[in-house]
Each structure stands twice: as C-alpha cells, then as structure tokens.
Amino acid sequence: MRSRIISLISLLLALTVGPLFAAPTYADAVVREEVQLDSWNFQFGPDSATSPNPANWISVNTPYSWYPHLTSDDPNLVLNPGFEDGTTSWAPNPTTAVLTVDSTDKHSGEASGRITGRTAIWNAPQQDVTGLLNERGQGTYNGSFWIKLASGADTATLTLAVTATGQTTKYINLAAGAAGSASFTQISGGKNVTWEGTLTKALLYVDTKALLVDFNIDDVSMIKQVESIPTSISLGQDTANLSLGETKTVTATVLNQSGEAIDGLAIAWSSADPSVAAISNTGVITGVHAGATTIQASYGNLSAAVSVTVDPNLAHNPGFENGVASWLANPTTAVLMPDTSVKHSGDASGRISGRTAIWNAPQQDITQALNASGQGTYDSSAWVQLASGSDTATLTLAIYATGQSVKYIPLASGTANSAAFTQLSGSANVTWTGTLTKALLYVDTKKLLVDFNIDDVSMIRQEPPQATILTVNPPSLSLLPGESQSVTATVYDQNNQVMSDAPVTWISDDPIIAAINNGVVTGGSYGTSVVQAIYGSLSAVVMVTVKDMIPPLTSDNAPSGWMNNDVLVTLAASDTGSGVEDTYYTINGGAWHQGTSVLIAAEGVYTLSYWSIDKAGNSEAPHTTIVKIDKTAPLLNVQLDRTSLWPPNHKMVTIHAVLNSSDAASGVASVILTSITSNEPGGGQGDIEAALGTGATSFGLRAARSGSGTGRVYTITYTITDNAGNQSTATCIVTVPHNQ
Ligand SMILES: [Ca+2]
Ligand SMILES: [Ca+2]
Ligand SMILES: [Ca+2]
Ligand SMILES: [Ca+2]
C-alpha cells in the first residue's frame, strides 16, 4: 500500500508538480494528505516546519477512487512505521535535532530511524497522526515500538500528545519500558485515547526519560483495539448419533466478527425433545429414547444446532462394521475376530472360534442401553452362519439385578447352518426386579462346538401404542332439524394400527345447531356447527350443516276498502333460518315481478298475489289481497216538483225532490242535502225548513220576497259521495218572482 502511494505521488510530481516546481525533488518534498468526502487532497511543498507559508504549497485533488482508503486494510495509524520509505511522514522535534535513516542498525526491513543531536529528553522522532486518529475516533489504542539506545539504559516511551479545541494538550503514554543499547527491544502497551471537543492535533513520538543519547526506533505502531463482538456459535459438528443411554459432549464456541473464539461466555443449551435426547448445561447429550431431535446452543440472539439421532438398537456395532468394537469373546479363551469374507451385510461379520463349551459366545454388555430403554417387550434378531453342521442358535439376554439370581431370557432363536446366514428372530418380555446391574447379550449354539459368524444383531424395544392420528367419518354432514346421524372417530397408533380402547370426547361448538351425544349428531336450528372429536392432544372435526326447512312469511299493508288515489303496497318478509332471498308478486294473475313495493295507479279492482323464498330455497304459499281504486266522482241529477212559488203570500210551501244518482265503480255511498240558501240577505231566516245533512228529499220554502228586490232565489245543493270517497254536487233553484 505504501509503495502504491509513493508511486502515485511520484507520478503526480512528475506530471503536475514537476513543471511548476522545479526546485524541490521528491526527497525534499513533504506530502500532506487530507481525506475528503470524495477525493484526496495532496499538498506538496517543502518542510512545513521551515516553510509554513501556504503560498509555497501546491494542492492537488485526486479522485478518491484512485486508490483504496488506507484504513481499509491497515489498522496502523503510523505511516512508514519501519522507516522503509526513508523518513517520510516522520520529523524530528524540534528541528534542531536530526532524524535520519539508518540502514545498518535496524530491527526489520532495510532501515530504522535514528535521532541525533538531542538537547532535551523530549527531543524525539515524531509523526502527526491527526487525520487518521480523527477518522478512527476515540477508543483504546495499543502502542508498540522497537528501540535501541546508542549507549546506556533508560526508560523509553511512546507518547501521544492530543490537542483539542479549548483543551490543554493531553499527553497519553501509550507504551513505556526499559530500553538498552545491546539490541532492539520491543516496548508495548495500550491506553484509552479520549478528548473533548474537536481534535485539532495528535502527535506521536518516542523519547527517553533521562538520557540524552541518540537512539534508533523501528516498527512503530498505534492500533485501535477492535471490540470483540459475539457473531456466531460454532459447534464443530452438525449431527450426533447416540445409542440409548449413551452420552456425548458437544463443544460450543462463540466466535467474534473475525472468527476468533471468545472465551468465558455462558452458553444456553436446549433440546427440542428432551424425551429423545437430554442436554446438560455443559453440553453433554444423553440418548434417552429412540428417535431424532435437535440440540440447540444459544448465546443471546446467536444459536447453532446439532441434529441428534438416538439409535433404537440396544446392540452397538451390530453389523461388525467397526471391527469387534463393543463385542468380546466369552470366555476370553475363545477368539472373536471380524470376518470380511463371510458376512451377511456390509463389510464384515463377527466370527468366533476356539469355543470349548456351547456357552462360549460373542457377547456385548448392553447394561447402559437397557437401563435407558427400560423394561418392556423387545423384538430381537441376529444372523448366524455355522462353520459346519446345523444347530439351534439362540440370541440370549442375561440379566443381573440386585438381590436376584441371573435371569436368562431367550430373545430369538432358529436353526443355523453352514450354507448361508439364517435369521434368528423373536419377541420377548424383558423384566427384572430391583436395580439392573448388568445385561449381557450373546449368541451361542445348543450342541455343536463349531465356529460361527454372526451379523446384524438387533434388540429393539416395542414402542407402546401411541395415539398418533385421529380421523372422523364423515368429515361433514347435512341434517334436517331434528334429524340424527352417527359419526365415528378412529384413533391410530404410530404403526397406523387402530387403537380400539381409545374413547374420544365429542364437543359441539354450538349445541343449538348440532347436539352431539354418544357419537350421534342431532340437528337443531338452521346453521353450521363444528363438532370436534378429541383424544389427548389429537382432534378432528365434523362440519355439521343443519338445513332451513321453514319458509319465509310475507305480509302486506294494502288498504281493505275502495281508494280514490294511487295505492302503494309494501310487502314485508321475514324468515326463520337462512333469511329471505327474494319476494315476488303478481297482479291479477299476470307476470311475476320481484320486489316488495307495488304501486297501483289505475282504477280497477286488483288481486295482488305475493310470496317469498328463503336462501335455503323454501318458498311460502302465495298470499293474496284485493286493491280497489275508484277515482271517478258519482253522478247526481235532481228534479224538483216546483221551481217557482207564487203568490208571495208568506206561506211555507213543501217541495219534493227526485234524486237520480249513479256511480260507475265503487257505487253510491250517500246523497245528502247539504245546503239551501237564499239570495236575499236576512230573508232566509225562518224561510227555509230542511233537514240539512240528511238524505231528505222534501223541504219547505217560504213564498216570500223583498218588495224592493228583483225576486227571491233559493239555491238547493245535494252532495253525492261514492264508496271511494269521490264526491260531486248538484244544485237547483226555486224562485219567488217580484211580480208575475
Ligand atoms: Ca525497519
Ligand atoms: Ca455386517
Ligand atoms: Ca327459512
Ligand atoms: Ca266512482
């Protein structure tokens, strides 16, 4: 990296600075870097300490992408730390001291840095690390340097002088230690580097405590400690296979972001199924029961898992694929060897030879596995081939329990021969009382003392039936209200066998819709109910739908009598159960219409029929109502027997009326004498005798008139009303002339 920078600077000097800045050579130039958001700003010029005038500097901006950021791959804040690029980035402080490159005396590489001409102990090789320290920020920094004094011995220190706005300069001792003149010594340490406000300058330098000797330094570093963050958990294995009762330890390591182990963190362990595999808080797995599960190690949000399989077979190395591991010959005077030429499966079988008694046998101690597996019924099997002859061979379990004599349980037996492997198989109850102290599994023969081979030995506990699946039949049914139907539930074990003695519990989520009693569902009101069969943690449901058998009921608000205006009939429908789907009507047996509002405007007598259908399709019988409309007024003609009274002798004269009435539709309801008036003011009083407001057809009028008038006129009015309330009037007059 450093060399790339130098190449770049050389290039820039050649291309840009050279023509403008003829005097300075690269060796004289000081390069200042300024990190900007999208570019590097290089400033070229003579030594800043001697030529602080900015006018003497040339500034060159280069795109940031020209070369990678320093900090991305170099944690060291110290540039040119081993003086391999001369004294670049370094300067003597004060400039009256002299910093040179020493290619003879060095700790590494081609050179070290040598300071001479020191006149005070603080005179030191120094580097400005302001930019990189600002960039990396506050934190713990480790410092290290190699030093060799020209003579004597003294304490040497790597010091960081930090100046921040408004603060006095703070001197942070990054590393201190004893330096000598015999050889380079490494001095290292670390300190918190903090400041308040804005960091304006950070100077790193090496000096001595007492001696004003020259000294050489090399390989100076100042590196920020990176916080170790737990990033992942490594278990070193993805799977673990265990026998029953067997224990295995899983080691969990928390790794940091660099993949390095972080010690001393407490791992939490858990088993997805502790009934299959238990886990201790130190990562020890125990095979509890045949099956598969997952063991998880976690730390905070981090976790890692191991898939664990627990073998149901109590016999280890059952097929002799791992030689005779877990097996032995009993007694040890017999010989048990793996046989790769005669075998039932895999690469080998186990062959016993040197038998001197029929009980001499290949044997395995399965105490731990049997203790873990427990008492119960075991299915067992072994394959046997004799070296010669034919004999009964038996797989036997010898059980030793406290206070009990040895119990020999034949697990499997069969007739073995020398032609081929024969399978011994059988089931046996394995029980004991007290504490099981030893269990030995072995295969022997009944009569012959021949050698024989065994392979694929297994002893597996029959699992007690375990309810695994629950089914119901039928899964759904539809009932009428009051109808009943049986439903059945069947529980199956892990081997898909029906468990006969597994009574389920039935529950209906809405007994008003569907009641369940002893496996019989009875429909109640319309609706859907979930009937559930429950057995332990298993459940299954029957969806019961109870049909709607009740049709809707519709009524009308039609008026019962004759109407003399438009009639709007509203049909109101309701339904028990599924609800009203539609209402229909017809007028006088015409076309059916859908709707609940019927407007009848024209005169006539109408038969309105209507009915509704519910959502279940039930239809009610039609209802009918009669609507009668008569908008035409009745007709009336009145004929009087006298229309003129003479002489005007003040006598009362009785007049008879003949009423001719008729009505086209609803018929005449009444004809009423509604008024008799006189055109002579005051002349009417006592001059008219009539039963007004009745259907009177005779009345009395006085034959009188005013002497100063033009003659008296009586006006008689009858009102006729039909049955729909339509009215009309008829008037006629009777006169009393002024003179004849
Ligand atoms: Ca060096
Ligand atoms: Ca085998
Ligand atoms: Ca209904
Ligand atoms: Ca009429």
Side-chain angles (χ1 to χ4, degrees), residues 2-3 76 78-90 99-115 125 127 144-148 183-184 186 206 215-221 313 315-327 336-352 362 364 381-385 420-421 423 443 452-458 561-565 602-605 628-636 661-671 719-729:
R2 206 74 71 227
S3 62
N76 192 359
V78 181
L79 302 180
N80 185 25
F83 294 87
E84 303 305 311
D85 297 326
T87 56
T88 302
S89 303
W90 292 96
L99 180 64
T100 55
V101 173
D102 185 343
S103 58
T104 312
D105 210 0
K106 66 223 176 187
H107 169 252
S108 72
E110 304 297 327
S112 68
R114 179 177 182 88
I115 189 156
Q127 183 167 148
S144 171
F145 63 103
W146 292 78
I147 186 166
K148 182 181 177 186
S183 63
F184 275 90
Q186 184 179 21
V206 174
F215 60 82
N216 289 42
I217 61 169
D218 206 350
D219 299 322
V220 183
S221 68
N313 191 356
H316 296 197
N317 185 25
F320 293 87
E321 303 305 312
N322 298 323
V324 293
S326 301
W327 295 94
L336 180 64
M337 298 285 284
D339 185 343
T340 57
S341 55
V342 178
K343 65 225 178 185
H344 172 251
S345 72
D347 292 327
S349 68
R351 181 180 183 90
I352 188 159
Q364 181 170 147
S381 169
W383 293 79
V384 179
Q385 182 173 347
F421 274 92
Q423 184 177 22
V443 174
F452 63 85
N453 290 53
I454 65 169
D455 206 350
D456 299 324
V457 180
S458 70
W562 284 92
M563 301 297 288
N564 61 5
N565 48 22
E603 287 186 319
V605 176
K628 297 181 287 187
I629 299 175
D630 175 6
K631 295 181 176 178
T632 307
L635 301 175
L636 179 62
S661 66
S662 66
D663 186 73
S666 58
V668 176
S670 65
V671 181
T719 300
I720 184 168
T721 306
D722 68 12
N723 283 308
N726 301 299
Q727 287 185 331
S728 61
T729 58

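We count ligands from 1, going down the list as the structure has it; atoms in each ligand are counted the same way. For the numbers below, each heavy atom of this structure counts, side chains included, while hydrogens, waters and symmetry mates do not.
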Visitor: For the Ca ion (ligand 4), which N, O or S atom of Asp630 is at the shortest distance?
Guide: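 Atom name of the closest N, O or S in Asp630: OD2.
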
Visitor: Tell me yes or no: between the side chains of Ser666 and Asn723, is some donor less than 3.5 Å from an acceptor?
Guide: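 Checked: Ser666/Asn723 side chains show no N/O donor-acceptor pair below 3.5 Å.
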
Visitor: Check whether the side chains of Ser89 and Gln127 place a donor and an acceptor atom closer than 3.5 Å, and report yes or no.
Guide: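 Ser89 vs Gln127: no donor-acceptor pair found between side chains.
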
Visitor: Are the side chain of Asn564 and the backbone N or O of Asp630 linked by a donor-acceptor pair below 3.5 Å?
Guide: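 The answer is no, because no donor-acceptor pair under 3.5 Å joins these two groups.
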
Visitor: Which atom name does Asp722 have for its N/O/S atom nearest to the Ca ion (ligand 4)?
Guide: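 Going by distance to the Ca ion (ligand 4), the closest N, O or S atom in Asp722 is OD2.
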
Visitor: Hey, is the Ca ion (ligand 2) within less than 3.0 Å of some N/O/S atom on Ser345?
Guide: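 Given the 3.0 Å cut-off, Ser345 counts as a ligand of the Ca ion (ligand 2).
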
Visitor: Identify, by name, the N, O or S atom of Asp663 lying closest to the Ca ion (ligand 4).
Guide: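 The Ca ion (ligand 4) is closest to the Asp663 atom OD1, counting only N, O or S.
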
Visitor: If I take every N, O or S atom of Asp455, is at least one of them less than 3.0 Å from the Ca ion (ligand 2)?
Guide: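 Coordinating: yes.
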
Visitor: Is it true that Ser341 and Asp339 share a donor-acceptor pair across their side chains at a distance under 3.5 Å?
Guide: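 Distance-only check passes for Asp339 and Ser341.
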
Visitor: Look at Glu321 and state whether any of its N, O or S atoms is less than 3.0 Å from the Ca ion (ligand 2).
Guide: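 Yes, within the cut-off.
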
Visitor: Which atom, among the N/O/S set of Glu84, is closest to the Ca ion (ligand 1)?
Guide: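 Output for this pair reads OE2.
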
Visitor: Report whether any nitrogen, oxygen or sulfur of Gly319 sits less than 3.0 Å from the Ca ion (ligand 2) (N, O or S, backbone or side chain).
Guide: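 A backbone or side-chain N, O or S atom of Gly319 is under 3.0 Å from the Ca ion (ligand 2).
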
Visitor: Please work out the angle at the Ca ion (ligand 1) defined by atom O of Ala111 on one side and atom O of Gly82 on the other, rounded to 10°.
Guide: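 Vertex at the Ca ion (ligand 1): approximately 80°.
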
Visitor: His344 and side chain to side chain donor-acceptor pair (under 3.5 Å): which single residue from Asp456, Asn453, Asp455 fits?
Guide: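 The passing option is Asp456.
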
Visitor: For the Ca ion (ligand 2), decide whether Gly346 has an N, O or S atom at a distance under 3.0 Å.
Guide: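 Not a single backbone or side-chain N, O or S atom of Gly346 is under 3.0 Å from the Ca ion (ligand 2).
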
